[in-house]
Structures are given as C-alpha cells and as structure tokens.
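What follows is a set of notes on a single structure, which appears directly below.
Just so you know, residue 1 is the first one in the sequence shown, and it goes up from there. Both backbone and side-chain heavy atoms feed into the values below; hydrogens, waters and symmetry mates do not.
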Amino acid sequence: MTTVIKRDPRRFLKEMKTHYGDVWRIPSSSYLSTPDFVVVDPRSGKKTKVSFVSLDDGETVAVVYDDLG
C-alpha cells in the first residue's frame, strides 16, 4: 500500500540522500509501478513517486523517484 506524505518533495529527497547513498530519478523504473511513498507538496500540489530498491535479503541499496504527471 502506498503511503502519502504531505511535504516539500525536494526537501524529502534531500533528507533521503543523507540516509541512503544512491537516490536516482528513473522515470521508467519498474519499481515505481507501485511506489512506497507519494510525496505531495501542500502548496503547489506537485506529486513525486518514491520507491526503495532492496536486495533479496531485505537490505535497502537505493531509492528511485519520479514526478507524477
């Protein structure tokens, strides 16, 4: 189930970069077909899909994102 977070997407992704080494904008990623988060800017209404990329053992290795059109 996708979680909706009402927050500035740029700030959210900046904070993700401090915790995870790889944060990539990959619009065609299959991981974004069912995102883990949708970040909604309360002022502009801009939406960004965010997903964690994990290995089989559950270790998170990257974060991918793209703007919703």
Going hydrophobic residue to hydrophobic residue with side-chain gaps under 4.5 angstrom, can you get from [X] over to [Y]?
X	Y	answer
Leu68	Val40	yes
Val38	Tyr31	no
Val61	Val64	yes
Val4	Tyr65	no

Which value, rounded to the nearest 0.5 Å, describes the distance between [X] atom [atom1] and [Y] atom [atom2]?
X	Y	atom1	atom2	answer
Phe37	Met16	CZ	CE	6.0 Å
Asp67	Thr48	CG	OG1	4.5 Å
Lys17	Asp22	NZ	CG	11.0 Å

Check your understanding: Of all residues at least two apart in sequence or in a different chain, which pass the salt bridge (Lys or Arg N to Asp or Glu O under 4.0 Å) check with Arg10?
Key ->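 Checked Arg10 against salt bridge (Lys or Arg N to Asp or Glu O under 4.0 Å); zero matches.
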Check your understanding: Checking side chain to side chain contact (heavy atoms under 4.5 Å, CB included) against Val63, which of Val53, Asp36, Val23 comes through?
Key ->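 Checked Val53, Asp36, Val23 against Val63; only one passes side chain to side chain contact (heavy atoms under 4.5 Å, CB included): Val23.
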**Study point:** Over 12 foreign heavy atoms within 6.0 Å of CG, Asp56
**Key:**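 Open.
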**Study point:** Arg25 CZ: over 12 foreign heavy atoms closer than 6.0 Å
**Key:**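 More than 12 within 6.0 Å, yes.
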Practice item. Start with the C-alpha distance between Val39 and Leu13, add both sets of side-chain angles, then the distance that settles side chain to side chain contact (heavy atoms under 4.5 Å, CB included), and finish with yes or no. Key: CA-CA 9 Å; Val39 183; Leu13 291 169; over 6 Å; no
Looking at every non-hydrogen atom in both residues, tell me the closest pair between [X] and [Y] and how far apart they are.
X	Y	answer
Ser30	Ser33	O-OG, 2.9 Å
His19	Glu15	CD2-O, 3.1 Å
Pro35	Thr2	O-OG1, 2.9 Å

**Study point:** Partners meeting ring pair (Phe, Tyr, Trp, His ring centres under 6.0 Å) with Tyr20 (sequence neighbours left out)
**Key:**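 If we apply the ring pair (Phe, Tyr, Trp, His ring centres under 6.0 Å) test to Tyr20, skipping adjacent residues, the hits are Phe52.
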